[in-house]
Amino acid sequence: METKIWSVDKNVDNVQSYPQITEPAQLLQAGQVVAFPTETVYGLGANAKSDEAVKKVFEAKGRPSDNPLIVHIASEGQLEEIVEDIPDKARRLMDEFWPGPLTLILKHKPGKLSNLVTAGLNTVGIRMPDHQVALGIIRASNLPIAAPSANTSGKPSPTSAKHVEVDLFGRIAGIVDGGATGVGVESTVLDCTVEVPVILRPGGVTLEQLEAVVGEVQQDVALKNQETAPKAPGMKYTHYAPKAPLYVVKGHPAFLQRIADEQRSEGFKVGIMAAREHESEYSADHMVIPGSLADLHTVATGLYDALRQFDEVDVDIILSESFPESGIGAAVMNRLEKAAGHQIIDEKHV
Ligand code: TXA
Ligand code: MG
């Protein structure tokens, strides 16, 4: 399949009339799938009302069909069309965080969306992205747009158009290149169908931020307990994984370096992922620095590109530092531990 590529500056206003926006919007109306940037990661969009279109998303990604997609909207009017009723807490969260990296799980009206989008559930995840290109395309198409992250299933989510090309070129109708995304990890998925909202996937909006608006917020116990089935079907799959085995190391840099030295003495090529502040404490065959401890948002922004960099070099094993779990660090560590298939080496336990 021919994959058309457009480039657009995300900082310009009134993108709506640009051919880089209207052409992909027309393809979406015609039932094709197109990748576009959001403030979190690149999404792979399709008309959320069309079975045919949504089927192409699952095919292109190789995504299991029991994993529902997030619906992206550009106005509250679109929301009213899709969902049954909007609880007061959800309303307040929308007012505070939309457009932005927060997906709200709400009950949907029957018959308004393809059943493939919701994987047959009576709920749907909805968000309004904080990105001019994404909003422009949704408005120009005049459709609710179902969009999972635009990666091959199992790989790290794409934070640049280049990442999308590596995974999906030739498999989708188009890619809109709007430069690097900002947040770097996906949206927070919050179940708002229950009295006390539950975080099903930590992400761009933190627990602390949510609680400041609506009081108590719980976290799906399955996020911390491997034995329990997660409420967001997507969270049960191995995900975000580089090709070489990855271990998350908890402890001092000297402890991580000792493991690296042991591996290297056995002839293995070792990759290390560490915070900027610790760079000089390590020696490895390949070092990647996603960001700085001084601002964990930089680690979130750089995380997926860092994981993908290891796929471009010849390493046999990757050792990553762990990061503090406060604020955006919760999402960083959730993704990192999933990327490692929960293989964690803790200095305290050896
Ligand atoms: O930042 C993001 O959210 C990105 C950008 C493109 O918007 N999208 C994204 O979509 O990460 P995806 O499909 O890769 O992840 C959607 C997550 C999955 O874990 C899925 O199981 C969960 O949301 N989800 C979607 N609908 C749900 C529902 N009705 N109930 C529970 N979980 C749901
Ligand atoms: Mg994804």
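Throughout, residue positions are numbered sequentially from 1 according to the sequence presented. Just so you know, ligand 1 is whichever comes first in the structure, and atom 1 is the first atom listed for that ligand.
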Using side-chain heavy atoms (C-beta onward) and a distance below 4.5 Å, is [X] in contact with [Y]?
X: Pro129; Y: Leu135; result: yes
X: His163; Y: Tyr42; result: no
X: Arg63; Y: Val57; result: no
X: Lys348; Y: Lys250; result: no
X: His72; Y: Gln78; result: no
X: Arg171; Y: Thr152; result: no
X: Ser322; Y: Met333; result: yes
X: Glu96; Y: Leu102; result: no

If only side-chain N and O atoms count, and only distance matters, is there a donor-acceptor pair under 3.5 Å linking Arg308 with Ser160?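 Judged by distance alone, the side chains do not pair up.
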Without hydrogens or angle criteria, can the side chains of Ser75 and Arg139 be said to hold a donor-acceptor pair below 3.5 Å?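 No pair is found: no donor N or O on one side chain lies under 3.5 Å from an acceptor on the other.
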Any idea which protein heavy atom is nearest [atom], and the distance to it?
atom: atom 17 (C) of ligand 1; answer: Arg201 NH1, 3.7 Å
atom: atom 28 (C) of ligand 1; answer: Ile105 CD1, 3.5 Å
atom: atom 31 (C) of ligand 1; answer: Lys231 O, 3.6 Å
atom: atom 16 (C) of ligand 1; answer: Ile70 CD1, 3.5 Å
atom: atom 29 (N) of ligand 1; answer: Thr123 OG1, 3.0 Å
atom: atom 22 (C) of ligand 1; answer: Ala232 CB, 4.0 Å
atom: atom 18 (C) of ligand 1; answer: Asn67 OD1, 3.7 Å
atom: atom 10 (O) of ligand 1; answer: Pro148 CA, 3.4 Å

With heavy atoms of [X] as the reference, note each atom of ligand 1 found under 4.0 Å away.
X: Gly43; answer: 6 (C)
X: His72; answer: 5 (C), 6 (C), 7 (O)
X: Arg63; answer: 12 (P), 13 (O), 14 (O)

For ligand 1, find out whether one of its N or O atoms is nearer than 3.5 Å to an N or O atom of [X].
X: Lys61; value: no
X: Thr38; value: no
X: Arg127; value: yes
X: Tyr42; value: no
X: Ser149; value: yes
X: Leu121; value: no

Kindly identify the option in [options] whose heavy atom sits closest to [atom].
atom: atom 24 (N) of ligand 1; options: Gly203, Pro68, Ala146; result: Pro68
atom: atom 4 (C) of ligand 1; options: Val41, Leu190, Asn122; result: Val41
atom: atom 23 (O) of ligand 1; options: Asp191, Val189, Val198, Leu200; result: Val189

At less than 2.8 Å, would any N/O/S atom of Ser149, backbone or side chain, sit next to the Mg ion (ligand 2)?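 Yes, within the cut-off.
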Less than 4.0 angstrom from a charged side-chain N to a carboxylate O is my criterion; do [X] and [Y] meet it?
X: Lys56; Y: Glu59; result: no
X: Asp88; Y: Arg92; result: yes
X: Asp305; Y: Lys162; result: no

Close approach, [X] and ligand 1, non-hydrogen under 4.0 angstrom:
X: Pro233; answer: yes
X: Ala147; answer: yes
X: Thr118; answer: no

Using 30° and 60° as the class boundaries, would you call the ring planes of His286 and Phe310 parallel, tilted or perpendicular?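 Rings of His286 and Phe310: perpendicular, over 60°.
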